[in-house]
Amino acid sequence: MATRYFNDLHNWLINEEFSSTRQARLHKAYVLWLNLIANPLAFAGFLVVLMLVLIATIAPLLANHDPIAQDLRMALKPPSSANWFGTDEFGRDVYSRLVYGARTTLYISILVTVIVAPIGFAIGATAGYLGGWVDVVLMRVTDIFLSFPSLVLALAFSAALGPGIENAVIAIALTVWPPIARLARAETLTFRAADFVVAAELQGAGMGRILFRHIVPLCAPSIIIRLTLNMSSVILTAAGLGFLGLGAQPPMPEWGAMAASGRQYLLDAWWLTTVPGIAILLVSLAFNLLGDGLRDIMDPRNA
């Protein structure tokens with residue numbers, strides 16, 4: 001009887017703890033949402049990013065033409081009710097290609113983030129936690145990557161790997177991870193000598209458990225902010241590679257490649273370069289505004 005009572009009590013305490021933890025997380029998310037709404041610029045950036053995700057998700061419903069279907073009789077038509085943003089040199093609808101190009105942009109951004117976040121954190125956290133020669137070696141490798149302009153380095157990697165969207169993702173990821181590693185190292189050094197880390201070490205916890213159970217949650221806000229701010233540079237670099245023919249290959253719609261195809265028609269068909277250029281500008285600016293807002297909201301010194 002007593003055993004059953006203690007088991008019931010134990011289960012009740014676990015459920016209460018889980019409920020309290022969930023309520024605390026929901027409250028934290030609600031406070032974050034209120035702070036985001038209170039920041040007009042950050043909220044505007046959030047709306048543009050949300051619109052990008054929505055457009056990429058329902059692109060087939062929004063596009064009113066086939067983005068890759070050619071009709072030379074309709075080549076270089078100005079914006080009209082039939083073609084809202086005009087047509088390109090092959091008679092393809094620019095609006096439909098712009099909508100589908102949002103998918104390409106989001107695809108590249110998400111893939112780069114998925115690759116860069118764990119690699120950058122693993123390298124930086126390992127260097128900060130272990131220190132010594134491991135820190136020296138990893139940080140010198142990071143410094144080598146940081147010593148080159150990111151666009152130039154991405155061009156070099158992309159040229160070596162060959163044109164294509166997958167190779168462009170790898171090239172961009174190889175240029176974006178060093179700042180994440182630097183940030184993760186700095187955050188890890190801050191918490192390396194904390195009492196809870198020492199207590200975990202005394203209990204026999206390994207490095208992997210300490211990093212991913214104790215340090216990752218503390219580093220996550222700074223890394224998320226940095227990744228959000230990096231999105232604009234990722235989009236600009238992807239557009240630059242597409243503009244030079246090293247990114248997405250025809251006939252795939254991609255904003256940088258669309259801008260490049262309109263160079264020779266710039267005076268007569270301004271919409272070919274202007275429309276994708278404005279899209280790149282708005283999305284890059286939105287990620288910068290959102291990142292700045294998240295930095296102000298999630299910085300504990302502003303609490």
Visitor: Could you grab the distance from atom OG1 of Thr87 to atom CH2 of Trp271, nearest 0.5 Å is fine?
Guide: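 Reported value, rounded in 0.5 Å steps: 7.0 Å.
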Visitor: Looking only at atom types and distance, does a side-chain atom of Thr237 sit under 3.5 Å from a main-chain N or O of Val234, one as donor and one as acceptor?
Guide: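 Absent.
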Visitor: Below 30° counts as parallel, above 60° as perpendicular, anything between as tilted: where do the rings of Tyr95 and Trp84 land?
Guide: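 Geometry flag for Trp84 against Tyr95: tilted rings.
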Visitor: Roughly how far, to the nearest 0.5 Å, is CG of Leu227 from OG of Ser222?
Guide: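 Going from the OG atom of Ser222 to the CG atom of Leu227 covers 11.0 Å.
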Visitor: Which atom pair, heavy atoms only, marks the closest approach of Gly242 to Glu254?
Guide: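 Gly242 and Glu254 have their closest heavy atoms at CA-OE1, 3.6 Å.
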Visitor: Under the side chain to side chain contact (heavy atoms under 4.5 Å, CB included) test against Val283, which residue among Ile235, Leu106, Asn288 passes?
Guide: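 When Ile235, Leu106, Asn288 are each tested with Val283, the side chain to side chain contact (heavy atoms under 4.5 Å, CB included) holds only for Ile235.
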Visitor: With a sphere of 6.0 Å drawn around CZ of Arg73, does it hold more than 12 non-hydrogen atoms of other residues, nucleotides or ligands?
Guide: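 Not more than 12 within 6.0 Å, no.
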Visitor: Under a 3.5 Å distance rule, please check whether Gln264 uses its side chain to pair with a backbone N or O of Ala260 as donor and acceptor.
Guide: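 Absent.
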Visitor: Roughly how far, to the nearest 0.5 Å, is CE of Met231 from OG1 of Thr105?
Guide: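 Interatomic distance, Thr105 OG1 to Met231 CE, rounded to 0.5 Å: 11.5 Å.
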Visitor: Between Val114 and Val49, is there a shared hydrophobic cluster once you connect ILVMFWY residues whose side-chain heavy atoms come closer than 4.5 Å?
Guide: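 Same hydrophobic cluster.
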Visitor: Does any N or O in the side chain of Gln70 come within less than 3.5 Å of the main-chain N or O of Ile68, such that one atom is a donor and the other an acceptor?
Guide: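 A pair under 3.5 Å: no.
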Visitor: Check whether Leu130 and Leu183 end up in the same hydrophobic cluster, where Ile, Leu, Val, Met, Phe, Trp and Tyr are linked by side-chain heavy atoms less than 4.5 Å apart.
Guide: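 Leu130 clusters together with Leu183.
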Visitor: Yes or no on side-chain contact (heavy atoms from CB on, under 4.5 Å) for Met258 and Asp88, after CA distance, side-chain angles and deciding distance?
Guide: CA-CA 9 Å; Met258 291 172 61; Asp88 63 7; over 6 Å; no
Visitor: What closest approach, in Å, do Thr113 and Ser109 show between heavy atoms, and which atom pair accounts for it?
Guide: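 Taking Thr113 first and Ser109 second, the nearest heavy atoms are OG1-O, 2.8 Å.
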Visitor: Heavy-atom distance under 4.5 Å between the side chains of Leu36 and Trp33, does that happen here?
Guide: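 A side-chain contact under 4.5 Å exists here.
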Visitor: So if you build clusters from Ile, Leu, Val, Met, Phe, Trp, Tyr with side-chain heavy-atom gaps below 4.5 Å, do Ile278 and Leu62 land together?
Guide: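 Not linked; separate clusters.
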Visitor: Side chains of Arg226 and Ile180: closer than 4.5 Å at any heavy-atom pair?
Guide: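 Yes, close enough: below the 4.5 Å cut-off.
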Visitor: Count I, L, V, M, F, W, Y as connected when their side-chain heavy atoms are under 4.5 Å apart, and connections chain through other members. Are Val48 and Val99 then in the same cluster?
Guide: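 Shared cluster, no.
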Visitor: Asp292: which residues meet the side chain to side chain donor-acceptor pair (under 3.5 Å) condition with it, sequence neighbours left out?
Guide: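 Applying side chain to side chain donor-acceptor pair (under 3.5 Å) to Asp292 gives Arg295.
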Visitor: Between Ser233 (side chain only) and Leu229 (backbone N and O only), is there a donor and an acceptor less than 3.5 Å apart?
Guide: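 Side chain of Ser233 to backbone of Leu229: no pair is present.
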Visitor: Are Asp135 and Arg185 side-chain neighbours, meaning at least one heavy-atom pair lies under 4.5 Å?
Guide: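 Yes, side chains in contact.
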Visitor: Is there a side-chain contact between Thr142 and Trp177 in this structure, where contact means two heavy atoms from C-beta onward sitting under 4.5 Å apart?
Guide: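 In short, these two side chains touch, coming nearer than 4.5 Å.
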Visitor: Report yes if some heavy atom in the side chain of Arg103 is under 4.5 Å from a heavy atom in the side chain of Pro60; otherwise report no.
Guide: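 Yes; the side chains approach each other to less than 4.5 Å.
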Visitor: Judged by modelled atom types alone, do Asn167 and Ser158 share a side-chain donor-acceptor pair under 3.5 Å?
Guide: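 No, no side-chain donor-acceptor contact under 3.5 Å.
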Visitor: Should Ile165 and Thr104 count as side-chain neighbours, where that means a heavy-atom distance under 4.5 Å?
Guide: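 Yes, at least one pair of side-chain atoms sits under 4.5 Å.
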Visitor: At their closest point, which heavy atom of Leu189 faces which heavy atom of Gly128, and how far apart are they?
Guide: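 That closest heavy-atom pairing would be CD2-O, 3.4 Å.
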Visitor: If we only count heavy atoms from C-beta on, is the Trp255 to Phe243 side-chain gap below 4.5 Å?
Guide: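 SC-SC contact between Trp255 and Phe243 ruled out.
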Visitor: Tell me the closest heavy-atom pair linking Val112 and Ala173, and the distance in Å.
Guide: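 Taking every non-hydrogen atom into account, CG1-CA, 4.3 Å.
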Visitor: What's the shortest heavy-atom distance between Pro276 and Leu98, and which atoms?
Guide: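 The answer is CA-CD1, 3.9 Å.
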Visitor: Looking at Lys77 and Asp93, is there a salt bridge between them, counting it only when a charged N and a carboxylate O are closer than 4.0 Å?
Guide: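 No, no charged N to carboxylate O under 4.0 Å.
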Visitor: Measuring from Met74:CE to Arg92:CZ, what's the distance to the nearest 0.5 Å?
Guide: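 Rounded to the nearest 0.5 Å, the CE-CZ separation comes out at 14.0 Å.
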Visitor: Give a yes/no verdict on a cation-pi contact between Arg97 and Phe85, requiring under 6.0 Å between NZ or CZ and the six-membered ring centre and an angle within 45° of the axis.
Guide: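 Judged by the rule, Arg97 and Phe85 form no cation-pi pair.
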Visitor: Is Phe148 linked to Leu151 within one hydrophobic cluster, defined over Ile, Leu, Val, Met, Phe, Trp and Tyr using a side-chain heavy-atom separation of less than 4.5 Å?
Guide: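 Both belong to a single hydrophobic cluster.
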Visitor: As an exercise, state the distance from CG of Leu285 to CG of Leu281, rounded to the nearest 0.5 Å.
Guide: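 Output value for this atom pair is 6.0 Å.
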Visitor: Run the numbers on Leu76 and Glu89 for side-chain contact (heavy atoms from CB on, under 4.5 Å), then give the verdict.
Guide: CA-CA 5 Å; Leu76 301 177; Glu89 68 273 23; 4.3 Å; yes
Visitor: Quick check: do Asn64 and Ser96 have side-chain heavy atoms less than 4.5 Å from each other?
Guide: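 Heavy-atom side-chain distance check passes, below 4.5 Å.
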Visitor: Can you name the closest pair of heavy atoms from Ala184 and Ala125 and give their distance?
Guide: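 Heavy atoms of Ala184 and Ala125 come nearest at CB-N, 4.0 Å.
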Visitor: Going from CZ on Phe121 to CD on Glu187, what distance comes out if it is rounded to the nearest 0.5 angstrom?
Guide: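 These two atoms lie 10.0 Å from each other.
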